[in-house]
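Order of appearance sets the numbers: ligands from 1, and atoms from 1 within every ligand. When reading the values below, keep in mind they use all heavy atoms of this one structure, side chains included, and skip hydrogens, waters and symmetry mates. For clarity, every value in this text was computed on a predicted model and none was experimentally measured.
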Amino acid sequence: MKHVLSIAGTDPSGGAGAAADCKTICAHGCFALNTITAVVAQNTQGVREYMDVPPSLIAAQLDAVFEDIPVHAVKIGMVSVPETIRVIAAKIAQYKPPFTVVDPVMVATGGQRLLAPEAERVLQEELIPGATLLTPNIPEAEVLVRRPISTLDDMETAARMIAAMGAKAVLIKGGHRIEDATDILYDGTQCHYFPGKHIESTGTHGTGCSLSSAVAANLARGLSLTAAVKEAKTYVFRGICHAPAIGKGHGPIHHFYDLYHTVGWE
Ligand SMILES: Nc1ncnc2c1ncn2[C@@H]1O[C@H](COP(=O)(O)OP(=O)(O)OP(=O)(O)O)[C@@H](O)[C@H]1O
Ligand SMILES: Cc1ncc(CO)c(N)n1
């Protein structure tokens, strides 16, 4: 069985962050490991407040996992402040997991910031260069490239520009588009399109967390980057289609726990 580590903030309403990551990783037949970066009081209606976990405790969590259990892939989500980013980057450089998928979480669905403004540059300089794959949504990509993105051509250009910042590959997610939900992957050589219909739904809380965790799990399972992204997008699309009506705001997607059956623990 493959072990996938989520490094993320919490969501007590279970739709985003560490909870979404764990559900997704388990649904992909992998074993979910956790490191918490911030304790967030949020629900389907928005973020109320949060407290960052001290960097020494983040380091201790990561040491506890890496010294004990082989990690086949890592997914990094909410990193909040420069000190959090620096400690995670140092531990990734120390333990060198085979795959590191970075979701550069900046703003929650309700508009609340989850990344301090002064952390944007640190994320770009210290976390992007170690990433196997960076998965910004359109607003996050706009912050990174400092220009507006509206067309698919803009997305392609942005993906190439972000790859030039040091990520091996970049997936710009199209969930914020209105005409469709096409995602574009730049793999360091060429762009691949992952077309998708935009579904009008309130069950889209944590789609980004689930997508990046699904890609990390698929890479750990041995899929190629393009296959890992294709399967992950299908997983999230189906999750939105079958979203349970939970909460009064933007609810979670459905997770398919019967997708992969583990027949042995090798
Ligand atoms: N309404 C939608 N219809 C179809 N696909 C969607 C929709 N919303 C998001 N997706 C898909 O879900 C994945 C995540 O994309 P999105 O742009 O929503 O990420 P995000 O903004 O980081 O998510 P989060 O809500 O967790 O912050 C992508 O594959 C995207 O195409
Ligand atoms: C902890 C956390 N990470 C990411 C997001 C973005 O969906 C969120 N709302 N909360």
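- The CZ atom of R86 lies 13.0 Å from the CD1 atom of I58; values are rounded to the nearest 0.5 Å.
- Looking at heavy atoms from C-beta onward, E120 lies out of side-chain contact with L123 at the 4.5 angstrom threshold.
- Atom 29 (O) of ligand 1 has as its closest protein heavy atom D183 OD2, 2.5 Å.
- Considering only non-hydrogen protein atoms, atom 22 (O) of ligand 1 sits nearest to K173 NZ, 2.7 Å.
- Scanning the protein for heavy atoms near atom 23 (O) of ligand 1, the closest one is G208 N, 3.0 Å.
- The OG1 atom of T204 sits 8.0 Å away from the NE2 atom of H198 when rounded to the nearest 0.5 Å.
- The closest approach between a heavy atom of T109 and any atom of ligand 2 is not below 4.0 Å.
- Protein heavy atom in closest approach to atom 8 (N) of ligand 1: G175 CA, 3.7 Å.
- The single protein non-hydrogen atom nearest to atom 18 (O) of ligand 1 is T207 OG1, 3.0 Å, given as residue, atom name and distance.
- Here's the thing with H205: none of its N/O atoms is less than 3.5 angstrom from an N/O atom of ligand 1.
- Among all protein heavy atoms, the one lying closest to atom 7 (C) of ligand 1 is I240 CD1, 3.6 Å.
- Scanning the protein heavy atoms around atom 5 (C) of ligand 2, the nearest turns out to be L114 CD1, 3.8 Å.
- Within the listing of ligand 2, atoms 1 (C) sit less than 4.0 angstrom from a heavy atom of G9.
- T10 pairs in a side chain to side chain contact (heavy atoms under 4.5 Å, CB included) with only one of the listed residues (T37, V40, V53), which is V40.
- Any N or O atom pair closer than 3.5 Å counts here, and D103 shares no such pair with ligand 1.
- Taking every heavy atom of both residues into account, G251 and T44 meet most closely at CA-CG2, 4.0 Å.
- Only backbone heavy atoms of T10 (N, CA, C or O) come within less than 4.0 Å of ligand 2; its side chain stays farther off.
- Distances from atom 3 (N) of ligand 1 to the heavy atoms of I199, T135, I253, L171 show the closest one on I199.
- When hydrogens are left out, the protein atom nearest atom 12 (O) of ligand 1 is V236 CG1, 3.4 Å; that is the closest non-hydrogen contact.
- Residue-ligand proximity, T109 to ligand 1, at heavy-atom distances under 4.0 Å covers atoms 25 (O).
- Taking CG of D187 as the start and NZ of K168 as the end, the distance is 13.0 Å to the nearest 0.5 Å.
- Here the CG atom belonging to N43 is positioned 8.5 Å from the NZ atom belonging to K248, to the nearest 0.5 angstrom.
- Atom-to-atom distance recorded for I172:CD1 and L134:CG is 8.5 Å, nearest 0.5 angstrom.
- Ring pair H28/Y235: centre-to-centre distance below 6.0 Å.
- Less than 4.0 angstrom separates some heavy atom of G206 from each of these atoms of ligand 1: 25 (O), 26 (O).
- Side-chain contact between T135 and V102 is absent, with no heavy atoms from C-beta onward closer than 4.5 Å.
- Of all the atoms in ligand 1, the ones that sit under 4.0 Å from a non-hydrogen atom of K197 are 3 (N), 4 (C).
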- Item | Derivation of the salt bridge (Lys or Arg N to Asp or Glu O under 4.0 Å) call for E179 and K197 | CA-CA 8 Å; E179 47 281 70; K197 217 174 91 192; over 6 Å; no
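- Short contacts between ligand 1 and C209, defined as distances under 4.0 Å to a heavy atom of the residue, involve ligand atoms 26 (O).
- The shortest N or O to N or O distance between E140 and ligand 1 is not below 3.5 Å.
- Of the inter-residue distances, the one linking I88 atom CD1 with T100 atom OG1 reads 11.0 Å to the nearest 0.5 angstrom.
- Atom 10 (N) of ligand 2 has as its closest protein heavy atom Q42 NE2, 2.9 Å.
- Closest of all the heavy-atom pairs between A169 and L185 is CB-CD1, 4.3 Å.
- Atom numbering of ligand 1 starts at 1 in the shown order; those under 4.0 Å from a heavy atom of T204 are 25 (O).
- Scanning both residues, I138 and G174, for their nearest heavy atoms gives CD1-CA, 4.3 Å.
- Using a 4.0 Å heavy-atom cutoff, H198 is listed among the residues neighbouring ligand 1.
- If you look at C209 next to ligand 2, the close heavy atoms, those under 4.0 Å, all belong to the side chain.
- Note on ring orientation: taking the six-membered ring where Trp is involved, the planes of F194 and H192 are tilted (angle from 30° to 60°).
- Between V107 and ligand 1, no pair of N/O atoms sits closer than 3.5 Å.
- Looking only at heavy atoms of the protein, atom 5 (N) of ligand 1 is closest to A181 CB, 3.5 Å.
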